[in-house]
There are 4 protein chains.
Amino acid sequence: MSHIIKAGLVGVTGYTGMELARLMTHHSSMELVRVTSRSEAGKTLAEIYPFLNRLPLGDLVITQPDPADLADECDVVFLAVPHKTAMEIGAALLAEGVKVVDLSADFRINDKATYEQWYDVEHTQEDLLKEAVYGLPELYLEQIMGARLIANPGCYPTSAILGLTPALESKLVETDNIVIDSKSGTSGAGRGKNVGTLFCEVHDSFRAYGLGTHRHTPEIEQEISKIAGKDITVSFNTHLLPIDRGILSTIYTKLATDISLEEIHDLYTDFYAEKPMVRVMPLGQLPETRFVRGTVFCDIGLVVDPRTNRLIIVSAIDNLCRGASGQALMNANLICGLDIDEGLPMAPMMP
Amino acid sequence: MSHIIKAGLVGVTGYTGMELARLMTHHSSMELVRVTSRSEAGKTLAEIYPFLNRLPLGDLVITQPDPADLADECDVVFLAVPHKTAMEIGAALLAEGVKVVDLSADFRINDKATYEQWYDVEHTQEDLLKEAVYGLPELYLEQIMGARLIANPGCYPTSAILGLTPALESKLVETDNIVIDSKSGTSGAGRGKNVGTLFCEVHDSFRAYGLGTHRHTPEIEQEISKIAGKDITVSFNTHLLPIDRGILSTIYTKLATDISLEEIHDLYTDFYAEKPMVRVMPLGQLPETRFVRGTVFCDIGLVVDPRTNRLIIVSAIDNLCRGASGQALMNANLICGLDIDEGLPMAPMMP
Amino acid sequence: MSHIIKAGLVGVTGYTGMELARLMTHHSSMELVRVTSRSEAGKTLAEIYPFLNRLPLGDLVITQPDPADLADECDVVFLAVPHKTAMEIGAALLAEGVKVVDLSADFRINDKATYEQWYDVEHTQEDLLKEAVYGLPELYLEQIMGARLIANPGCYPTSAILGLTPALESKLVETDNIVIDSKSGTSGAGRGKNVGTLFCEVHDSFRAYGLGTHRHTPEIEQEISKIAGKDITVSFNTHLLPIDRGILSTIYTKLATDISLEEIHDLYTDFYAEKPMVRVMPLGQLPETRFVRGTVFCDIGLVVDPRTNRLIIVSAIDNLCRGASGQALMNANLICGLDIDEGLPMAPMMP
Amino acid sequence: MSHIIKAGLVGVTGYTGMELARLMTHHSSMELVRVTSRSEAGKTLAEIYPFLNRLPLGDLVITQPDPADLADECDVVFLAVPHKTAMEIGAALLAEGVKVVDLSADFRINDKATYEQWYDVEHTQEDLLKEAVYGLPELYLEQIMGARLIANPGCYPTSAILGLTPALESKLVETDNIVIDSKSGTSGAGRGKNVGTLFCEVHDSFRAYGLGTHRHTPEIEQEISKIAGKDITVSFNTHLLPIDRGILSTIYTKLATDISLEEIHDLYTDFYAEKPMVRVMPLGQLPETRFVRGTVFCDIGLVVDPRTNRLIIVSAIDNLCRGASGQALMNANLICGLDIDEGLPMAPMMP
């Protein structure tokens, strides 16, 4: 390819920024030319991330975030900053003519009031809210390819929506009795200084932390309601795993129709046949977070419990890769006219 | 106390045997005088468990399991052997006049046919099945104190039943819509040689492994059906955590009555007021497996999700201590006329 | 015992404070009556440490640190605060007539100049420096029993000194060629907010962090020089383990005399025969940190490498228990006239 | 490149076989066309490794190991089988005209008697022992490129030799006082069924396991003796880390010359300037196993302790990738005329 896409990354000090730097190392058609951080500007990437020594990105000097400079240098910019901050800098970048992939929640929720209720801040960019495309390629491939602003999906929603979509689209399950029990690795809690995520507070333990109140709830409900064609309220609940990466969601549904596990499995397999980043596991196998480690795969396992007439869907992703930066790169590839999987590692790291 | 109870342990090489040896080290009214193992007979405990060096039990010589010898030397015998084996040796010991606490599943299921269906072996001791008392002290304190054969509860059932009992007894929740999503530490998988539980197959990963098919299902249903006064079928599902010890069950129910979270919390607190090994957490706090590590506590957290009208109960135990050997010791204390908590550590090890 | 010793704890929010609270739960002759914290005063212990719910200490209200109040209420006070702070409050408490066990480094280094060089602060209590007794009971039992100020040893020094003492006392090894390669669990890094000790920065990784520069160096050299009867300079080096608790030191020495491994083993076994908290492992066995988890044991393994004429000593302790709060409690027991092991758990938690 | 190299893998069920399958997924010039296993023949790779679902290698059918068939289909064959077995099948393959990269120890030790002494089996292929090239590209690049039989280095030796080479070549350190304290992740212990490597036996613990007796000792000594130009005996000692992947070796030496840390650092940097898979870290930084996770990098940190006149070298690799399959692929690339780094991931997975 003659033209190399130039990319910028706003916010490099968190785990999603770190992951994007990892992924961009192997991309042959897109180059990271700007990385920004208010606190680390002036250093090279390798100075803050020694794992990048002797790699091309290691010498990249971190700059202060400056929309004009980013617009001058970049075709596309990733935003890996907290919500509310993303909204403002995203608007500035779009005004300068740059494409934007926002990893925060700021453009995910279509309804301004719903966003403001769950995130407790004012949304100042309502027009962009309408324009943004929800960056889940299995659902919105065409729209993503034509977009200039991508709302990159949340980690939990990615696992939940991909797990539920075929069942809801085919009206296999009751829509008023869905329980999503999700467990996430600790990188999902971010890289901020925090006693609660110290090694000794997480290691060799397990806890629930968000029961019925997690901010990813409206995002899940928005998307699955569209698929089902009616409003769905889910019980969405989260737990903290003593692992670095990985989300596994166990999704409990009630079957609404008379269908065998084999038929459901066929239906899922067909639905994802042309969508190679989702792997419906053979019957009898269940996902494990390590099977998707470091990749954009979403693995789905299916079980029917005839005693309770439930379809149980198990869905696993890597929260940092498919749940954040890897999916962001899929979206950036698409809006820049590249193949969806360019630069993405496909083989999970085992063990 | 002038009289020291003499105890035996059949099967010392697994994690429950190991845990019982740990607990007995600090017991001042009961002494472990016999430990048996077919493969390790002739060695001292310290030879197979170096952590017992310079402790009184370290010098205890492991013997071959021999009911007559155990009966001669012991007042009470713990069985930490696989199901089916336990049934036979338990019967022999009872015939010799020894009290028995069986940690296997052999005497937990009241109905012979149900046992045989789920465990796929013939039950040869139907009379003992009728006699055995289910050793959950919060439910059966009186019966345990008068028993000679205790069916020590399974680890998952202990967490599930203690979590559900107050809600079911007070008819707070619908009985046909209960989902139990349980996660267990790896010691629950035993100490046998197995690729699936090697460090590199479990560490930094998470998986579901028993969805709708775990053998603890009928045990849970049996006990909660008694409490509710009607037959309950649950969706019980298990996952493997990369931690040594601990079970956390997230139990999803639908409220059947108009009641506030505060009222539910009061009801739980009252129910367990005289049962000090269950701790109903203050509102706003949720259990973590580390809070009960190494102890017989069961911690319960309560959440009401008004959006879905669900009561979510989170219940945490240490699967080896409360879920096996610690509870066995509580039962042994009771059937030998001691206080329930003698010899038991109460302060969890943190971190 | 009719008289209960009353104890205070200054600084309850760190891991050593947390560990002391755990240990005091089971002490029948000493009661924790005061716990202090500037940031958490007014709360109960159970409010900040839910694992203490329904335990006697859970209801203890945290107070501001006030020497006069502590002196009024306590016979002995533990200081679990940073160095420099400990020095000041320790002096105030001693002036009020209270016995003090200081877990910081402030009174460990006999020489004021050496302390100031390594810790980079002025030592304002030189008289107390002279008075303080180094609280390693295997070396200073008599002095501890008569002391009013104990300098509780550092975690690494405890493992290193106990490992080297018999060899140095018997002049088995060269004194100018000792390398101590120590590895510590992450609780040793404290409970402060710090990116470097976040779960995702420590888990599934391993690193060296203090090579030749750790502040425990002069403490080790001071004590082993006394034993050897001459000044020793050691190469002391530290690493961070992805475990909660535990230090394992691999100590490399050159044999200075013609002696067999069996003779060395006998010599070590004899040396520690009357010191039951040190366990010299049988030949062929090596320590593991889990074998001492939660206890005050120090396990020592011995290897002679005939190819290099080296004696390799492996020494393992629990850094929080033997390396801090458990040893502090041993010292408090001794200065209060109790048996050294009162209240201390002896059986490690396995697994 | 028009011609795709065809590769075979004998022994796919262990961790090194698993790792080679991962790496080959991304290789564009070499294709894995045969994988063998006596126990799993007939299944596809995805059936035993679900992480390979929907990847090209997932459909590859495992065959019985058959030298004639391998020779028919492959240009190069990797041997990931135990020592002794490798020797026999390697000879058969070479006789058929196939190039061989042997991951076992069978061709690493130049001296037949030394091999037989440490490995306790007869070496039946003495001629091949003479022919084999030790596959450490930083030392033997030219020879590797012309070889048909590569003895792929051991994991520990790779870290130790790369760490010591510049110091020994420049005669910076005494050769009779080298201590190598190595710590390895548990994948190094293999994927066999074994109580000692069960999750609950390794997790949250740390132990020494091979002090002065590890079979990698003669391999290290052979190579560093060549570099130093004289026979060296080292004290080489190993420990087991509760991590999946990674070796960190802390190497203790005595300086033999008057040289500053800065000069040593320059010397190391120059030595590895043209060898991009070794990264000499900036002064003040030390390696961490996570910085090399999943890659063939070897990271080296340097410290001079002026108090003891020691140069301490810290060397970190990924034991499965650089220490086994990644290095094997580097060697296969070289003997097949490809660039050394084709198909190899360069960016470590963080966290």
Side-chain angles (χ1 to χ4, degrees), chain A residues 15 18-19 21-27 44 46-47 49-58 185-187 191 203-204 242-245 272-273 275-282 285-295 297 299 301 316 318 320-321 343-351, chain D residues 15 18-19 21-27 44 46-47 49-58 185-187 191 203-204 242-245 272-273 275-282 285-295 297 299 301 316 318 320-321 343-351:
Chain A
Y15 288 125
M18 190 189 281
E19 175 75 346
R22 171 179 85 97
L23 295 171
M24 295 300 286
T25 301
H26 293 283
H27 206 304
T44 65
E47 284 180 280
Y49 292 146
F51 72 94
L52 293 177
N53 272 323
R54 294 201 90 163
L55 291 171
L57 287 178
T186 303
S187 60
R191 203 161 170 247
H203 174 69
D204 205 41
I243 66 174
D244 282 333
R245 299 167 171 249
Y272 287 118
K275 302 175 174 70
M277 274 79 157
V278 177
R279 306 191 292 193
V280 181
M281 304 197 72
Q285 285 187 3
L286 290 174
E288 311 190 12
T289 61
R290 60 184 179 144
F291 292 162
V292 298
R293 191 191 279 142
T295 76
F297 283 123
D299 280 3
D318 179 320
L320 280 186
C321 196
L344 286 167
M346 285 291 131
M349 201 174 80
M350 289 273 295
Chain D
Y15 288 126
M18 190 190 284
E19 175 75 347
R22 171 180 84 97
L23 295 171
M24 294 301 285
T25 301
H26 294 282
H27 206 303
T44 66
E47 284 180 280
Y49 292 146
F51 72 95
L52 293 176
N53 272 323
R54 296 200 89 162
L55 290 171
L57 287 178
T186 303
S187 60
R191 202 161 171 248
H203 174 69
D204 205 41
I243 65 175
D244 282 334
R245 296 166 172 250
Y272 287 117
K275 301 174 175 72
M277 274 81 157
V278 178
R279 306 190 293 193
V280 181
M281 302 196 73
Q285 285 188 3
L286 291 174
E288 310 190 14
T289 60
R290 60 183 179 147
F291 292 163
V292 297
R293 192 190 280 141
T295 75
F297 283 123
D299 280 2
D318 179 319
L320 279 187
C321 194
L344 285 166
M346 285 291 131
M349 200 175 78
M350 289 273 293

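So you know, we letter chains A, B, ... as the sequences are listed, proteins then strands, and number each from 1. Remember, it's a predicted structure, so these values are computed and weren't measured experimentally.
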D/R245 versus chain A, heavy atoms under 4.5 Å apart: side chain, backbone, both or neither?
-> side chain

Which of the residues A/M18, A/M281, A/H26 is involved in the greatest number of heavy-atom pairs with chain D at under 4.5 angstrom?
-> A/H26

Residue D/Y49 versus chain A: region with a heavy atom under 4.5 Å = neither

Atom group of A/P282 that falls short of 4.5 Å from chain D, counting heavy atoms = side chain

Find out whether A/P348 and A/V292 are in side-chain contact, i.e. whether some heavy atom of one side chain is under 4.5 Å from a heavy atom of the other.
-> no

Pick from D/P276, D/P345, D/P287 with the largest number of heavy-atom pairs that fall under 4.5 Å of chain A = D/P276

What part of A/E288 gets closer than 4.5 Å to chain D, counting heavy atoms only: side chain, backbone, both or neither?
-> neither

Do the charged groups of D/R293 and D/D318 touch, with an N to O distance under 4.0 Å?
-> no

What residue in D/F51, D/Y15, D/F291 has the most heavy-atom pairs under 4.5 Å with chain A?
-> D/F51

Going by heavy atoms in the side chains, are A/E19 and A/C321 under 4.5 Å from each other?
-> yes

With a 4.5 angstrom heavy-atom cut-off, which part of A/V278 approaches chain D: side chain, backbone, both or neither?
-> backbone

Side chain, backbone, both or neither: which part of A/L23 has a heavy atom under 4.5 Å from chain D?
-> neither

Pairwise side-chain contact, A/L55 with D/F297, heavy-atom cut-off 4.5 Å (strictly under) | yes

Using side chain to side chain donor-acceptor pair (under 3.5 Å) as the criterion, list what pairs up with D/D204, not counting sequence neighbours.
-> A/H203

Chain D heavy atoms under 4.5 Å from A/R279: which part of the residue, side chain, backbone, both or neither?
-> both

Only counting residues at least two apart or in another chain, list the ones meeting side chain to side chain donor-acceptor pair (under 3.5 Å) with D/Q285.
-> none

Contact check, side chains of A/M349 and A/R290, non-hydrogen atoms, under 4.5 Å = no

